Amino acid sequence: MATSSLLFALFITILNIRMVMCASCGPIIANDEERIHVALNLEFLEAEFFLNGALGKGVDTIDPSLAAGGPLPVGAKKANLDALTNRIMEEFGYQEVGHLRAIITTIGGFPRPLLNLSTENFADIFDEAVGYKLAPPFDPYMNTVNYLLACYLIPYVGLVGYVGTIPNLVNYNSRKLVAGLLGVESGQDAVIRALLYEKANETVLPYNITVAEFSNHISQLRNRLAMCGIKDEGLIVPLQLGAENKTESNVLSADANSVSYERTPQEILRIVYGTGSEYKPGGFFPSGGNGRIAKGFLAKD
């Protein structure tokens, strides 16, 4: 076990170094509104996924003015959820509607970007995470466990994005807004991780992969895509990554001092595009994100 732990630590160190050397990980020049607009893209993504998963309908049926004429999401639909999970996701969906309204009324918004929430897109992401084609293809809408694993993909990205945004904000109203958004985003991620942790050792049928193993694969994928070090961890980790090096449970992902990780706008875009490049759209955003920062990167492609 000691040798295995040392090898894992060495692997993490090397991966950290290689990732940081291969990509832009530093700050960018932008004003408050432009930084928060990066997050607005993710709020649209979360709102549509949670609402459609729980209710079979999206933002346009609740407050169409928020979408501002943006295209309807591709492939979003009602998930086959147990009653408890359905109620939680419905609440999360309504919370995301509030987040959209809070951002748009505080700093202004933009039309909803094109979102790909299709089964095929999720299947591609999960194939990339595990390193081979799953058979049958992963379907996030099939059952509660699959949907929760699909949820694992999304809120945490917004959480670390907000953590990275707050120190760069200048205006009080901007800091107040993002601090409030971060509080709820972190709560959503904690609930999703706790629900999954309860099932950590269960095998996800029909795959010979446990819930915890899937979480590790997804976290490793996000680290690879972002290319700026280890800022994402699964539900069960080696002791050297657990809180105070005393626990393998990892219900909340955090650094050595149990402080939340942070990511830059370019890291966030690399992850949600699924391409590892802020210049190349794809994944959840087949046409790229909206707002000056996202559009600026696309213009340089």
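Everything numeric here is computed off the predicted structure, so don't read it as measured data. Heavy-atom basis, side chains included; hydrogens, waters and symmetry copies ignored.
The neighbour count for E202 CD, taken as heavy atoms of other residues, nucleotides or ligands under 6.0 Å away, is above 12. For N208, the CG atom counts as loosely surrounded, since its 6.0 Å shell holds 12 or fewer non-hydrogen atoms of other residues, nucleotides or ligands. With a 6.0 Å radius and a threshold of 12 heavy atoms from other residues, nucleotides or ligands, K133 has its NZ atom at or below the threshold. The number of heavy-atom neighbours closer than 6.0 Å to CG of N201, taken from other residues, nucleotides and ligands shown, is 12 or below.
Under a 4.0 Å N-O distance rule, the pair E33/R292 does not qualify as a salt bridge. With respect to R112 and D60, a salt bridge is recorded, a charged nitrogen being found less than 4.0 Å from a carboxylate O.
Grouping the Ile, Leu, Val, Met, Phe, Trp and Tyr side chains by contacts below 4.5 angstrom, directly or via other members, places I107 apart from I29. V184 and I268 fall into different hydrophobic clusters, where Ile, Leu, Val, Met, Phe, Trp and Tyr are joined by side-chain heavy atoms under 4.5 Å apart, directly or via other members. Hydrophobic clustering keeps V259 apart from I166 (ILVMFWY residues linked when any side-chain heavy atoms are closer than 4.5 Å, directly or through intermediates). Linking ILVMFWY residues whenever their side-chain heavy atoms come closer than 4.5 Å, directly or via other members, places I103 and L51 in the same cluster. Hydrophobic clustering (ILVMFWY, side-chain heavy atoms < 4.5 Å, transitive): L182 and V160 are in one cluster.
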Discussion item. Between Y156 and S186, does the side chain to side chain donor-acceptor pair (under 3.5 Å) criterion hold? Intermediate values first, please.
Written reply: CA-CA 7 Å; Y156 182 76; S186 60; over 6 Å; no
Discussion item. Run the ring-ring contact (aromatic ring centres under 6.0 Å, His included) test on F50 and Y94 for me, step by step, so that the C-alpha distance in whole Å, both residues' side-chain angles and the decisive distance to 0.1 Å come before the verdict.
Written reply: CA-CA 8 Å; F50 291 145; Y94 292 139; over 10 Å; no
Worksheet item: Between I209 and V204, is a side chain to side chain contact (heavy atoms under 4.5 Å, CB included) present by the stated rule, with each step listed?
Response: CA-CA 6 Å; I209 304 173; V204 181; 5.5 Å; no
Discussion item. Show, in sequence, the C-alpha distance, side-chain angles and deciding distance for C25 and T264, and conclude whether the side chain to side chain contact (heavy atoms under 4.5 Å, CB included) test is met.
Written reply: CA-CA 7 Å; C25 301; T264 63; 5.8 Å; no
Worksheet item: Hey, mind stepping through K246 and L239 against side chain to side chain contact (heavy atoms under 4.5 Å, CB included) and telling me if it holds?
Response: CA-CA 6 Å; K246 295 183 184 300; L239 280 176; 5.6 Å; no
Worksheet item: Checking side chain to side chain contact (heavy atoms under 4.5 Å, CB included) for the pair S219/Y152: CA distance, chi angles, key distance, verdict?
Response: CA-CA 9 Å; S219 289; Y152 183 91; 2.7 Å; yes
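Y147 has its ring centre no less than 6.0 Å from the ring centre of F122. Aromatic ring centroids of F126 and F214 lie under 6.0 Å apart.
In this structure, the side chains of N290 and F44 stay at 4.5 Å or more apart for every pair of heavy atoms. Residues E48 and L117 meet the side-chain proximity criterion, which asks for heavy atoms closer than 4.5 Å. P113 has its side chain within reach of L115: a pair of non-hydrogen atoms, C-beta onward, lies under 4.5 Å apart. Between T144 and L195 there is no side-chain heavy-atom pair separated by less than 4.5 Å. Counting heavy atoms from C-beta outward, F284 and I125 have side chains that approach closer than 4.5 Å. No side-chain heavy atom of R222 sits less than 4.5 Å from a side-chain heavy atom of K231. You'll find the side chain of T119 reaches within 4.5 Å of the side chain of P140, heavy atoms only. Looking at heavy atoms from C-beta onward, R270 lies in side-chain contact with S24 at the 4.5 angstrom threshold.
Taken to the nearest 0.5 Å, the CD atom of E248 stands 9.0 Å off from the CD atom of Q240. Rounding to the nearest 0.5 Å gives a distance of 4.0 Å between CD1 of I230 and CG of N223. Between the OG atom of S118 and the NZ atom of K77 there is a distance of 9.5 Å, given to the nearest 0.5 Å. Rounded to the nearest 0.5 angstrom, I104 CD1 and L40 CG are separated by 5.5 Å. A distance of 6.5 Å separates NZ in K295 from CG in L298, rounded to the nearest 0.5 Å. Atom OH of residue Y279 and atom OH of residue Y273 lie 11.5 Å apart, to the nearest 0.5 angstrom.
Across all non-hydrogen atoms, the minimal contact from P136 to P206 is CD-CG, 3.4 Å. Across every non-hydrogen atom of L269 and A294, the tightest pair is CD1-CA, 4.0 Å. Of all heavy-atom pairs between T247 and V237, the closest is O-CG2, 4.5 Å. Minimum heavy-atom separation, I192 to C151: CD1-CB, 3.7 Å. Shortest non-hydrogen contact noted between L149 and F138 is CB-CZ, 4.2 Å. The nearest pair of heavy atoms linking C228 to E267 is CB-OE1, 3.4 Å.
T61 places a side-chain N or O within donor-acceptor distance of the main-chain N or O of G58, the cut-off being under 3.5 Å. The closest donor-acceptor contact from the side chain of E278 to the backbone of I271 lies at 3.5 Å or more, if one exists at all. Judged by distance alone, with hydrogens and angles left aside, the side-chain atoms of H37 form a donor-acceptor pair with the main-chain N or O of G108 at under 3.5 Å. In this structure, N116 contributes its side chain and N121 its backbone to no donor-acceptor pair below 3.5 Å. Not a single donor-acceptor pair under 3.5 Å links the side chain of E91 to the backbone N or O of I88. A donor-acceptor pair under 3.5 Å is formed between the side chain of T275 and the backbone N or O of K280. Distance alone, capped at 3.5 Å, places no donor-acceptor pair between the N171 side chain and the N173 backbone. At least one donor-acceptor pair closer than 3.5 Å links the side chain of D32 to the backbone N or O of V170. Using a distance-only test at 3.5 Å, with no hydrogens or angles considered, no donor-acceptor pair links the side chain of E90 to the main chain of R87. The backbone N or O of L235 sits less than 3.5 Å from a side-chain atom of S215, completing a donor-acceptor pair.
Side-chain contact annotation: Y261 with E233, donor-acceptor N/O pair under 3.5 Å present. Under 3.5 Å, the side chains of E46 and H99 contain no donor-acceptor pair of N or O atoms.
Of the candidates V191, N143, L148, L148 is the only one forming a side-chain contact (heavy atoms from CB on, under 4.5 Å) with T85.
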